[in-house]
Amino acid sequence: MGASTRRDCGTREQRIFSNHQRLTLMTATIAPPWSGAPTHLLYHPAAANAHHVPHTPPGGVLAHLERLEAESRKKFEEPQGAESALGNKIRNLRSLRDKLRAEVNRRQAGVEASVESDQTFEVSEQEVLERKRENVKSILQAYRFTGLSGKLTSRGVCVSISTAFEGNLLDSYFVDLVIQKPLRIHHHSIPVFIPLEEIAAKYLQSNIQHFLFSLCEYLNAYSGRKYQADQLQSDFAAFLAGPLQRNSLCNLLSFTYKAEPSGQSFPFCARLLYKDITRTLPTDVTVTYQGTDALSTSWEEQRASHENLFCTKPLHQVFASFARREEKLDMNLLY
Amino acid sequence: LFRKSFQEIYQSDSEGWETSKDLRSNLGNLESELLFLNTLTGINIRKYSKKIENLTSTEKTERRIKKVLQRHKLSGNCHMITFQVEFQILEFQNKENLSSIITDLNIIMESTAYSELSEFVSRAEERRDLFMFFRSLHFFVEWCEYRKRTFKHFKVVSKVFKFKHMMKK
């Protein structure tokens, strides 16, 4: 054929090639070549690059076509391959990034957690101490229910004595002690008629406990007597024919009363003396009748029973029983 | 203990935020106070709790009486005797004054070895005399301790005698 053929081949080849292209493109798709599928459907941009170097296809046209087909397929697959390779690379990079991110987060969290746990440890230690303190404080408060309580001071101790009578919680008193040799009382709220100096002289230097318990006794007794007198004045004023006479220590009471305020009973005069000031019941009781006529037997009996009542029962309770008797309107009820 | 300045002991109480160190020293002081009261009263209170119930009537009258019921629970020991005390205090306040009354008193004790205890315990419960209970408990235990010491002394003497007796054989 010669050179011209070659050149001719070139152009012819070009034409063939372009046809081939179309053919290969056609074979690249599902549609059979002879179906006459329009070329635009067959256009595959990836395949349409200038890889095709014009040369004499060995093994004839069909072989060439086959080769082209194979090549096209490869190219069809190659971008996918390349893509998949790149995709894989991307995926790998992404996964690496995620792993690194996770690692960073983990380490950061680890650092934060260790900081946090240090803090929580501190907080919980503080919490524990706070709770302990609140607990101790409340127990200190609870000591007042034993009758004796106190607080440490810079000088020594301030003791608080609580008083009560028959379940009624009454006044509290304090004694501020200076811990020195000799022990002394800095100041206090003990009423002046309580023999504080006497008690201190006996026990303060040798036994603080004994000193305080003794004081407790005196103060509780005084509180109890005062309570009884107060109750009589406030709750049973109707029974009193005159004012209640009392001293500050409340160990000497004198009053005129009527066991039945409404009825026709005689007023009696009562005198209660509490010689033992550590007790809440009188030691000496005299009930007298303030009248000129002699008392009838029943009234005499009543007078005597009243004397007994005042000796054995707290003052206000005696009057409470009078009130109950009044309600029952039963004059013959003698205890 | 008493040499510490007044401020040192009580200052941390007034501050809002305390360090662990302040807290610990404050706690230490409070615990000393507790030990002191324990020694003074002879009573060791280990647990205490209280509940407060407001019983004030909701009616809007001029003479409104404020009523509060307190429920107290405390437990502890006096030497070898453990106790549990539950009591109620009814507090009511009208215009003039405030009254607090123990309305219920329950004392639980291990009544094993000391039958004398049950006597004054029931008396204290009857009279709702809380203070009397604690004072009596303290004196009773002291007396028991004294009796024990005395007895121990004689036991020792008798043991010595036994030994000598055995030796003679």
Side-chain angles (χ1 to χ4, degrees), chain A residues 121-123 125-171 177-180 208-213 216-217 219-220 223-224 227 230-231 234, chain B residues 1-10 18-20 22-24 26-27 29-34 36-50 72-74 76 85 87 89-91 96-97 99-105 127-135 137-139 142:
Chain A
F121 175 77
E122 257 178 47
V123 166
E125 194 203 333
Q126 193 142 9
E127 252 177 41
V128 165
L129 287 175
E130 284 269 9
R131 229 173 279 150
K132 232 184 164 186
R133 184 170 68 168
E134 287 316 302
N135 190 40
V136 172
K137 268 185 172 172
S138 75
I139 293 179
L140 284 170
Q141 283 289 304
Y143 266 93
R144 64 196 161 105
F145 295 120
T146 65
L148 266 184
S149 182
K151 257 183 117 79
L152 297 176
T153 64
S154 57
R155 285 176 296 265
V157 58
C158 184
V159 181
S160 165
I161 299 170
S162 311
T163 64
F165 181 70
E166 294 192 329
N168 292 277
L169 299 174
L170 305 168
D171 293 330
L177 297 168
V178 182
I179 309 286
Q180 270 178 4
I208 297 181
Q209 214 181 45
H210 202 157
F211 163 73
L212 290 169
F213 280 127
C216 256
E217 231 187 343
L219 287 169
N220 270 284
S223 251
Y227 177 76
D230 290 342
Q231 287 293 101
S234 63
Chain B
L1 174 67
F2 302 115
R3 303 256 171 90
K4 268 197 191 154
S5 76
F6 193 85
Q7 279 188 319
E8 252 181 84
I9 297 173
Y10 296 105
E18 293 165 289
T19 60
S20 244
D22 288 335
L23 198 54
R24 246 189 275 259
N26 187 220
L27 183 60
N29 291 322
L30 291 173
E31 282 176 337
S32 310
E33 210 164 81
L34 200 58
F36 162 71
L37 286 177
N38 188 348
T39 314
L40 183 68
T41 61
I43 307 286
N44 179 31
I45 299 178
R46 281 187 266 112
K47 253 176 146 187
Y48 169 67
S49 68
K50 79 169 179 205
H72 302 265
K73 232 193 217 182
L74 54 84
V85 182
F87 55 97
I89 295 179
L90 182 62
E91 217 177 57
E96 298 113 30
N97 45 27
S99 338
S100 290
I101 305 176
I102 299 173
T103 52
D104 189 44
L105 177 59
R127 296 190 187 165
R128 290 165 289 127
D129 202 335
L130 192 56
F131 299 162
M132 190 267 267
F133 164 70
F134 282 115
R135 265 202 301 278
L137 180 61
H138 167 75
F139 285 124
E142 278 214 346

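Only a predicted model underlies this, so the values are computations on that prediction, with no experimental measurement involved. Just so it is clear: chains get the letters A, B, ... in the order the sequence lines come, proteins before strands, and each one is counted from 1.
- Neither the backbone nor the side chain of Phe133(B) comes within contact range of chain A; no heavy atom of the residue lies under 4.5 Å from a heavy atom of that chain.
- In this structure, chain B has a heavy atom under 4.5 Å from the side chain of Leu212(A), while its backbone stays farther away.
- Only the side chain of Ile89(B) has a heavy atom closer than 4.5 Å to any heavy atom of chain A.
- For chain A, no part of Thr103(B) is nearby; none of its heavy atoms comes within less than 4.5 Å.
- For the ring-ring contact (aromatic ring centres under 6.0 Å, His included) test, no residue two or more places apart in sequence or in another chain qualifies with Phe131(B).
- Looking at Ser100(B), the atoms closer than 4.5 Å to chain A (heavy atoms on both sides) sit in the backbone and in the side chain alike.
- Asn220(A) has its side chain within reach of Arg135(B): a pair of non-hydrogen atoms, C-beta onward, lies under 4.5 Å apart.
- Using a 4.5 Å heavy-atom threshold, the side chains of Glu31(B) and Lys132(A) count as touching.
- For Arg127(B), the CZ atom counts as loosely surrounded, since its 6.0 Å shell holds 12 or fewer non-hydrogen atoms of other residues, nucleotides or ligands.
- With a threshold of 4.5 angstrom between heavy atoms, Leu74(B) approaches chain A through side-chain atoms but not through N, CA, C or O.
- Counting only distance, with no hydrogens or angles, the side chain of Glu33(B) and the backbone of Lys151(A) share no donor-acceptor pair below 3.5 Å.
- With contacts defined as side-chain heavy-atom distances shorter than 4.5 Å, the pair Asn29(B)/Leu152(A) does not qualify.
- In terms of heavy-atom pairs under 4.5 Å with chain A, the best-connected choice from Asp129(B), Leu137(B), Asn38(B), Leu90(B) is Asn38(B).
- The two residues Gln209(A) and Leu40(B) make their nearest non-hydrogen contact at NE2-O, 2.7 Å.
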Tell me, with the steps shown, if Gln141(A) and Lys50(B) meet side chain to side chain contact (heavy atoms under 4.5 Å, CB included).
-> CA-CA 11 Å; Gln141(A) 283 289 304; Lys50(B) 79 169 179 205; over 6 Å; no

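- Here side chain to side chain donor-acceptor pair (under 3.5 Å) pairs that include residues 162-171 of chain A, with residues two or more places apart or in two chains, are Thr163(A)-Ser223(A), Glu166(A)-Gln317(A), Asn168(A)-Tyr227(A).
- At least one donor-acceptor pair under 3.5 Å links the side chain of Tyr143(A) to the backbone N or O of Ile45(B).
- Between Tyr48(B) and Phe145(A), the two ring planes are tilted [angle within 30° to 60°].
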